[in-house]
Amino acid sequence: MSTTFAQSFSRSKDPQKVSQNREINKADKSRNLLSIKQRLSKSTSINSSRVKIKKTVIKRYDTSLTRSLCSYVDSGLMNEALSLFESMQNLDTFHWNVMIKGYTNIGLYKEAIDFYLLMQYQGVKPDNFTYPFVIKSCVGLLSLIEGLKIHARLIKTGLDSDVFICNSLIVMYGKVGCIELAEEVFVKMTNRDLVSWNSMITGYVLAGDEWKLFWCFRKMQAFGLKPDRFGIISALAGCSLANYERLGKETHCYVIRGGHESNLMVQTSLIDMYCKGGNLDYAVELFKKVPCLNTVVHNAMIGGYARNGCPLEAFGCLVEMQQSGNANPDAITMVNLLPACAQLRDLFLGKSIHGFAIRNGFLPHLVLETALVDMYGKCGEPKLAERVFYLMKKRCLISCNAMLAAYVQNEWKRKAINLFLDIHEEGSIKLDAMTISSVLPAYAELASLRVGIQIHSCIIKLGFNVNTFVSNSLVDMYAKHGNLREARKIFDRLQSKDIVSWNTIIMAYGIHGCGKIAIDLFSEMQEKSIKPNSSTFVSVLSSCSISGLIDQGWEHFSSMKTDYGIDPGIEHYGCMVDLLGRSGNLDLARNFINEMPLVPTARIWGSLLAASRNNGDIVLAEEVAEQIFSLEHDNTGSYILLSNMYAEAGRWEDVERIRCLMNIKGLEQTIGTSMIELNTKTFRFINGDRSHSESYMIYNVLGIILGQIGETMNSPSFLRFRPRELIRKRSELPLTHSVRLALCFEAGKFVVSTVLKRNSETPGSEHLTNILVRLPIKSNMEDSIYWHTAPVEITVK
DNA sequence: AAATTATGAA
């Protein structure tokens, strides 16, 4: 299949077409623009012609010159038209209108408005024919301010009752996003024609207000007007907005009854509607019946295949389009194909499309570039996404959001946060809820709760705290930072909880070892008749696994399929292996893996490897590691784990062998660190760390807390290192785990500062003990090899 | 002498 794509890409590489496209893109526009500005500044020549108008009022109209002017304008030859215009005498409103129309039609909106201003300056009065063009130019510039000025002028001159002008105004306000103003114009009109209604309906499509759209659609019929193809096309767009299947079919009936079935644009809209409503079969049926397929219909179908999870069919449609010879792919075709590449995770295909777009002169193109950023992000290539992003000439909110998502999906958290801050500080692009919920996972993973709280207040200021997506990310962020209470508070206050909200809060309790609360929340969710999805069960099963709720884990695992019809995925099997491994039942875990219907991944085996280490089963560990290395030869963690197990067993030759293997493969041991933030400073600890200047205090605190939970530390062992003591050193390692050291540092500092505030003297070691022993330490520390991934809550009465 | 509304897009 991929050779067909490659062939079809290279076949249409036509140098002539490429140069044509490029020319349209830039050359013409800039040339025109320059000459007009130069000529407009020489207003003396036009001035003199005005003088001549006054002198020769009686002189007969030169119709042949006027006719030439019109034909230049109609063929888009504005330079020639301008020369003729300047040389002409007897210029009246009609000539000016022709010029304004010409500039509007070729997209030189600024020049059209300049001409409109100039004609007034020259004393020529604009009439009802002038304004539709001028208003269209405002739409082209998306300039509400110019539009409002013109509207004011219309009210002053009394032209605001002209139906054509009012219709233009409705279109303008609809397109610049001021639907209320469009409504105002519409309501004030005394005679509304079909175009007025159609324009209003189109405005509602753009505003995304399908309710008012259909209200309008019905109201116009009550006034005795029959919807034509314009209104029907908008209504079809409204159906995909609303996603009402019945409404779509109802509107399809209008098409048939009105006899619009043969109209290509109507056919396209119908296909698009059925695609967006997920009714792909209907769309394909209609697509097959279209007699002359153009680029747009193909694009609608390609987009439909892509959005309905049929990426290969999307490419099939591209090949059909190229083989038909009637239609050529354009920039939008590329935009529609890129999500298909992302779904296939096929980087080669994505790059082919990128190359095709470059060769055909489609770039620069804001939407296409954004789609490229999105595709590279989803194909796991944040570097390429970044490259496209920073080469873009223009960027908008959506392109920034796409880049942020690409960073976050690929774990480039720092970059995501920096980009977010850049956008925020630069200020020209206004953030939305999507921006925030894209970047929050990056804040959740990085160790600074302080900055997370800053973002939270920023969210409240911007009013995004009511948004469900944002709140879900916030719940996750607080949970990952160990502040379960705040996470719960946000969850409880959230007005409209969706399935993600529930999944997140269940997982939050799960990762903190509060399996019971997690399961209670799961029941509560079911009582509220919210249907769990596949991710819900990942949350529930991990909660059971972490808290050692073996029976409940099995219950939920089997009820997934029987009660909810959800087939367990690889991640669910992973949770179960974890559960069995934690319970120490290695044989069961192993049989479970062998009997599961899916091919085990490295992560599944990794779960069993961890379990075999905790149970000291070195034979199983070796076997499992073999499986992992066959899947991922560079899995550093597994090498280290195996090496540690050999060390614990005193098998030094094997330790050495593993180290050599790692050297050969160029793998380095990564050192895990734990960070904690105190008074705006970040402190980093490694396991058994003694490098901190306050290590004495930290180990003091550690000793005290260990005493409270019944663990003891043979203090000298970490001071010296002798191979024979390695066994003990290894088994003691969790005692001085980096997470514990970080927490003890925080606890100690807290006590010191509290005591200092009270007594204004430095507390001694005994002092510290006295206070720490009395501290209520809230957490079930014994449950885990570390106490917790989250800070321990310490309160002093 | 002349005008206004439509299809596919992240």
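Per chain, numbering begins at 1; letters A, B, ... match sequence-line order. Quick note: numbers below take in every heavy atom, side chains included, and nothing from hydrogens, waters or symmetry partners.
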Novice: Tell me what A/V367 touches on the nucleic acid: a base, only sugar-phosphate, or nothing, going by heavy atoms under 4.0 Å.
Specialist: base

Novice: Once you apply a heavy-atom cut-off of 4.0 Å, does A/R395 come out as touching a base, just sugar-phosphate, or nothing?
Specialist: nothing

Novice: By the ring-ring contact (aromatic ring centres under 6.0 Å, His included) test, which pairs, at least two apart or in different chains, include something from residues 131-154 of chain A?
Specialist: A/Y116-A/Y131, A/H151-A/Y173

Novice: Round to the nearest Å and state the distance from A/M273 atom CE to B/dA9 atom C1'.
Specialist: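 So the two atoms are 19 Å apart, to the nearest Å.
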
Novice: Compare the minimum distances between each of B/dA9, B/dA2, B/dT7 and the side chain of A/N97, then state the nucleotide with the smallest one.
Specialist: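 The closest nucleotide is B/dA2.
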
Novice: Find out whether the Lys NZ or Arg CZ of A/R359 is both under 6.0 angstrom from the six-membered ring centre of A/F356 and within 45° of the ring's axis.
Specialist: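 No - A/R359 does not lie over the ring of A/F356 by the 6.0 Å and 45° rule.
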
Novice: From the list B/dA10, B/dG8, B/dA1, which nucleotide is the closest neighbour of the side chain of A/D272?
Specialist: B/dG8

Novice: Could you give the CG-to-C1' distance, from A/L264 to B/dG8, as a whole number of Å?
Specialist: 11 Å

Novice: Whole angstroms only, please: what is the CG-P distance between A/L69 and B/dA2?
Specialist: 14 Å

Novice: Calculate the interatomic distance between A/L241 atom CG and B/dT7 atom C1'; express it in whole Å.
Specialist: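 Atom CG in A/L241 sits about 15 Å away from atom C1' in B/dT7.
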
Novice: What is the distance, to the nearest angstrom, from the CE atom on A/M99 to the P atom on B/dA2?
Specialist: 18 Å

Novice: Find every protein N or O atom lying less than 3.5 Å from an N or O atom of nucleotides 3-6 of chain B, and list the pairs.
Specialist:
residue	atom	partner	partner atom	Å
B/dT4	O2	A/N167	ND2	2.6
B/dT5	O2	A/N198	ND2	2.9
B/dA6	OP1	A/K175	NZ	3.2
B/dA6	N6	A/R229	NH2	3.4

Novice: Nearest of B/dA2, B/dT7, B/dA10 to any side-chain atom of A/S269?
Specialist: B/dT7

Novice: So, for A/Y254 and A/F217, is the gap between ring centers shorter than 6.0 Å?
Specialist: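 Aromatic pair counts; centres sit under 6.0 Å.
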
Novice: Just checking A/D127: base, sugar-phosphate only, or nothing, at a heavy-atom cut-off of under 4.0 Å?
Specialist: base

Novice: In whole angstrom, what separates A/H365's NE2 from B/dG8's C1'?
Specialist: 11 Å

Novice: Whole-Å distance between B/dA10 P and A/L337 CG?
Specialist: 12 Å

Novice: Would the distance check show the side chain of A/N410 and the main-chain N or O of A/W412 forming a donor-acceptor pair, the cut-off being under 3.5 Å?
Specialist: no

Novice: Would A/K415 and A/E386 pass as an ion pair if we require N to O under 4.0 Å?
Specialist: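 A/E386 and A/K415: salt-bridged.
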
Novice: Less than 3.5 Å apart, any donor N or O on the side chain of A/N167 or A/S199 sitting next to an acceptor on the other?
Specialist: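 Per modelled atom types, A/N167 and A/S199 side chains form no pair under 3.5 Å.
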
Novice: Classify the nucleic acid contact of A/N294 as base, sugar-phosphate or nothing, counting any heavy atom under 4.0 Å across all strands shown.
Specialist: nothing

Novice: Give a yes/no on whether any side-chain N or O of A/K276 is located under 4.0 angstrom from OP1 or OP2 of B/dT7.
Specialist: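 Looking at the OP1 and OP2 atoms of B/dT7, neither is under 4.0 Å from any side-chain N or O of A/K276.
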
Novice: Atom SG in A/C400, atom CG in A/D422: separation rounded to 0.5 Å?
Specialist: 9.5 Å

Novice: To the nearest Å, how far apart are A/I271 CD1 and B/dG8 C1'?
Specialist: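 These atoms are roughly 11 Å apart.
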
